[in-house]
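Please read these numbers as outputs of a predicted model, since none were measured by experiment.
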Amino acid sequence: MDDAAGLASAAPVTKERYRDAMAAVAAAVNVVTTDGPGGRAGFTATAVCSVTDAPPTLLVCVKRDSSVGEAFRANGALCVNTLAPEHKRLSNLFGGRTPVEERFAAATWRRGPSGAPVLDGALAHFDCRIDRVVDVGTHAVLFCEVLDIGVGEPCEGLIYVGRRYDSVLACAAAG
């Protein structure tokens with residue numbers, strides 16, 4: 001079979017088909033925060049992943065037309081706060097149209113080395129300096145140098161799969 005012929009016969013990838021397929025991919029739930037000259041802001045994200053460990057770098061995707069995008073660009077810093085199951089409500093607050101003051105009032109925060117808010121009780125946090133921004137389609141991909149990390153006490157992580165929350169064991173059982 002000719003590779004070109006096989007590609008030509010594939011069904012078109014529509015936005016709906018793509019979203020349906022991505023719903024089958026389990027992903028950690030994170031609240032991504034920033035603070036600085038551009039203001040305090042945050043959003044819920046599953047589009048976060050490691051890029052390299054030398055230097056420690058991760059990427060975060062944010063919708064270009066979102067209300068928080070400009071704050072992240074202006075501040076040049078962010079913190080990825082990886083959530084535990086008890087943070088479902090916080091995830092929903094940061095994922096919706098809740099005013100920024102209400103979002104941050106729902107939890108306890110401290111300031112990380114970058115100036116971004118770090119969630120007390122997060123499964124893990126990655127405090128970062130935004131090194132590069134690449135616009136791709138509807139999103140901006142933020143490449144972030146990790147300045148500080150922390151791993152919390154929770155032993156379960158919050159994931160999103162099948163358009164719903166679930167939890168997964170995130171540490172080895174003692175014994």
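For the pair L83 and V31, the tightest heavy-atom approach, listed with the atom from each and the gap, is CD1-CG2, 3.7 Å. Residues A77 and T34 approach most closely at O-OG1, 2.6 Å, considering heavy atoms.
Within the 4.5 Å cutoff, no side-chain heavy atoms of R64 are placed close to those of V62. Side chains of F94 and V32 form no contact here, defined as non-hydrogen atoms less than 4.5 Å apart. Looking at L58 and V146, their side chains come closer than 4.5 Å, going by heavy atoms from C-beta outward. For the pair L142 and L78, the minimum side-chain heavy-atom distance is below 4.5 Å.
To the nearest 0.5 Å, atoms CG (L147) and CD1 (I149) are separated by 11.5 Å. Rounded to the nearest 0.5 Å, atoms CZ (F143) and CG (L59) are 5.5 Å apart. Taking CG of D35 as the start and CZ of R111 as the end, the distance is 5.0 Å to the nearest 0.5 Å.
Checking H87 against N81 by side-chain atom types alone, no donor-acceptor pair falls below 3.5 Å.
In this structure, the salt bridge (charged side-chain N to carboxylate O under 4.0 Å, His left out) partners of R164, at least two apart in sequence or on a different chain, are D166. With sequence neighbours excluded, the residues forming a ring-ring contact (aromatic ring centres under 6.0 Å, His included) with F43 are F72, listed by chain and number.
Hydrophobic clustering (side-chain heavy atoms under 4.5 Å, transitive across Ile, Leu, Val, Met, Phe, Trp, Tyr) groups L90 together with Y160. Connection of V29 to V161 is not established within any shared hydrophobic cluster, with ILVMFWY side chains joined at heavy-atom distances below 4.5 Å, either directly or through further cluster members. In the hydrophobic clustering of this structure, M22 groups with V13; members are Ile, Leu, Val, Met, Phe, Trp, Tyr whose side-chain heavy atoms approach within less than 4.5 Å, directly or through other members. Criterion: ILVMFWY side-chain heavy atoms under 4.5 Å apart, direct or through other members. Under it, F126 and V60 are part of a common hydrophobic cluster.
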Under 3.5 Å, which donor-acceptor pairs link side chains of residues 151-159 to any protein atom two or more places apart or in another chain?
unit_1, atom_1, unit_2, atom_2, d
E156, OE2, S167, OG, 3.2

Side-chain donor-acceptor pairs of residues 112-119 under 3.5 Å, sequence neighbours excluded:
unit_1, atom_1, unit_2, atom_2, d
S114, OG, A116, N, 3.2
S114, OG, D127, OD1, 2.7
S114, OG, D127, OD2, 3.2

Please list every donor-acceptor pair under 3.5 Å in which a side-chain atom of residues 134-141 meets a protein atom from a residue at least two apart or in another chain.
unit_1, atom_1, unit_2, atom_2, d
D135, OD1, R73, NH2, 2.6

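Screening residues 37-56 for side chain to side chain donor-acceptor pair (under 3.5 Å) gives no qualifying pairs among residues at least two apart or on separate chains.
Listed for the R103 side chain is a donor-acceptor partner under 3.5 Å among the backbone atoms of G42. One N or O on the side chain of N75 and one on the backbone of G38 form a donor-acceptor pair closer than 3.5 Å. S91 places no side-chain N or O within donor-acceptor distance of the main-chain N or O of R89, the cut-off being under 3.5 Å. Listed for the W109 side chain is a donor-acceptor partner under 3.5 Å among the backbone atoms of F104.
More than 12 non-hydrogen atoms from other residues, nucleotides or ligands lie less than 6.0 angstrom from CZ of R110. Atom CZ of R17 is surrounded by more than 12 heavy atoms from other residues, nucleotides or ligands within 6.0 Å. The neighbour count for E70 CD, taken as heavy atoms of other residues, nucleotides or ligands under 6.0 Å away, does not exceed 12.
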Test log, rule salt bridge (Lys or Arg N to Asp or Glu O under 4.0 Å), inputs D20 and R163: CA-CA 9 Å; D20 288 346; R163 295 185 172 97; 2.8 Å; yes

